[in-house]
Amino acid sequence: MISAERLRQIAFWARELNDTEIEHARRGMVEKEFAKGEYLCHRGDRFDHWVGVVHGVVKVGTMSSTGKSTTFAGCRNGSWLGEGSVVKDEPRRYDLVALRDSRVALMNRAAFFWLFDNSAAFNRFLIHQFNERISQFIGLVEYDRMLDIPSRVARNIAWLFNPVLYPQDKATHLDITQEELGLLAGLSRQHTNEALKLLESKGLLRVERGGVTVLDLPALAGYGE
DNA sequence: GCATTAACAGCCG
DNA sequence: CGGCTGTTAATGC
């Protein structure tokens with residue numbers, strides 16, 4: 001269980017909730033650490049929690065039988081995910097893996113449904129979130145066949161700074177290594193490295209040690225189109 | 001061939 | 001000193 005104070009710190013959507021709603025939310029939540037490379041859950045698992053990333057980076061994706069991985073989304077601090085599996089009460093359709101040491105908040109199913117049934121503010125947040133996910137996944141359809149390497153890197157970075165998914169966060173810097181970015185984009189570290197330098201030369205971002213700073217988000221989001 | 005993996009030296013925190 | 005980066009060499013599809 002976490003405090004109301006803590007909930008407001010780690011969950012921007014909680015700021016719209018009234019005291020009763022906050023109470024239900026915080027009582028149904030715990031925080032947990034995951035080490036780099038550790039799985040929060042595997043595809044097929046029963047994992048009845050809604051997940052919020054407090055810090056770190058979590059990859060949502062699957063691993064095919066041949067060992068090839070597909071990323072559906074990269075989630076950094078401020079991300080909330082997994083509501084689909086909680087709502088539908090079905091096994092996870094994807095893996096959740098920590099790309100670096102990460103701290104996550106877990107809300108149990110009962111608390112999630114209480115909010116779902118009782119809080120207009122919570123539902124408003126969920127609708128916004130679903131809506132944004134849909135447009136992100138539409139973009140994902142063209143990803144494999146249409147986008148060259150720099151475009152993939154640009155798009156993945158833009159997703160990590162999506163202003164709808166991270167409305168409270170005006171930051172332009174993110175701690176993420178080139179290797180982690182490569183894992184997200186489905187690219188080798190070398191290609192990621194080259195692509196980052198290309199994007200930097202065009203003034204769209206700044207490459208730093210263990211991180212990037214976004215200089216032109218719209219250009220990154222639309223890169224390669 | 002091309003791309004991914006491995007390997008390694010430099011470097012920054 | 002450990003982890004990240006940039007490059008090159010080896011390996012695999």
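To find a chain, count down the sequence lines: A is the first, B the second, and so on, and within it residues start at 1.
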**Prompt:** Residues two or more places apart in sequence or in another chain: which of them pass side-chain contact (heavy atoms from CB on, under 4.5 Å) with A:Thr71?
**Reply:** A:Lys59, A:Leu184
**Prompt:** Quick check, are the ring centers of A:Phe12 and A:Tyr166 under 6.0 angstrom apart?
**Reply:** no
**Asked** For the pair made of CG in A:Leu99 and P in C:dC4, what is the distance, rounded to whole Å?
**Response** 12 Å
**Request:** Flag the pair A:Leu106 / A:Val51 as yes when at least one side-chain heavy-atom distance between them is below 4.5 Å, and no otherwise.
**Result:** yes
**Atom pair CD1 (A:Ile176) and CD (A:Glu208), whose distance is rounded to the nearest 0.5 Å** = 13.0 Å
**Prompt:** Do A:Arg6 and A:Gln9 pass the side-chain hydrogen bond (donor to acceptor under 3.5 Å, both in side chains) test, and can you show the C-alpha distance, the side-chain angles, and the key distance before you say yes or no?
**Reply:** CA-CA 5 Å; A:Arg6 180 63 175 158; A:Gln9 276 175 19; 2.9 Å; yes
**Asked** Using the ring of each side chain (for Trp, its six-membered ring), is A:Phe47 parallel, tilted or perpendicular to A:His49, with breaks at 30° and 60°?
**Response** perpendicular
**Complete:** Correct closest heavy-atom pair for A:Cys75 and A:Val60 would be SG-CG2, 4.0 Å
Can you pull every protein N or O that's under 3.5 Å from an N or O on nucleotides 3-7 of chain B?
{"from": "B:dT4", "atom 1": "OP2", "to": "A:Ser188", "atom 2": "OG", "distance (Å)": "3.4"}
{"from": "B:dT4", "atom 1": "OP2", "to": "A:His191", "atom 2": "ND1", "distance (Å)": "2.9"}
{"from": "B:dA6", "atom 1": "N6", "to": "A:Gln190", "atom 2": "NE2", "distance (Å)": "2.4"}
{"from": "B:dA7", "atom 1": "N6", "to": "A:Arg189", "atom 2": "NH2", "distance (Å)": "3.3"}

**Prompt:** In whole angstrom, what separates A:Glu200's CD from C:dT5's C1'?
**Reply:** 13 Å
**Request:** Report the relative orientation of the aromatic rings in A:Trp50 and A:Phe112; use parallel for angles under 30°, tilted for 30 to 60°, perpendicular for over 60°.
**Result:** perpendicular
**Request:** Using heavy atoms to find the nearest nucleotide of DNA chain C for A:Glu180 and A:Lys197 separately, return the residue whose nucleotide is more 5′.
**Result:** A:Glu180
**Asked** Among residues 55-62 of chain A, which residues get a heavy atom nearer than 4.0 Å to DNA chain B?
**Response** none
Side-chain donor-acceptor pairs of residues 216-225 of chain A under 3.5 Å, sequence neighbours excluded:
{"from": "A:Asp216", "atom 1": "OD1", "to": "A:Ala219", "atom 2": "N", "distance (Å)": "3.1"}
{"from": "A:Tyr223", "atom 1": "OH", "to": "A:Lys202", "atom 2": "NZ", "distance (Å)": "3.3"}
{"from": "A:Glu225", "atom 1": "OE2", "to": "A:Arg155", "atom 2": "NH2", "distance (Å)": "2.8"}

**Item:** Rounded distance in Å - CD1 (A:Ile176) to P (C:dT5)
**Value:** 10 Å
Enumerate the protein-to-nucleotides 11-13 of chain B contacts in which both atoms are nitrogen or oxygen and the separation is below 3.5 Å.
{"from": "B:dC12", "atom 1": "O2", "to": "A:Arg209", "atom 2": "NH2", "distance (Å)": "3.4"}

**Asked** Between atom CD in A:Glu194 and atom P in C:dT5, what is the gap in whole Å?
**Response** 15 Å
**salt bridge (Lys or Arg N to Asp or Glu O under 4.0 Å): pairs with one or both residues in residues 102-130 of chain A, sequence neighbours excluded** = A:Glu31-A:Arg103, A:Glu33-A:Arg103, A:Asp89-A:Arg109
**Asked** Rounded to whole angstrom units, what separation is found between the CG atom of A:Asp101 and the C1' atom of C:dG2?
**Response** 14 Å
**Message:** Less than 4.0 angstrom from a charged side-chain N to a carboxylate O is my criterion; do A:Glu38 and A:Lys32 meet it?
**Reply:** no
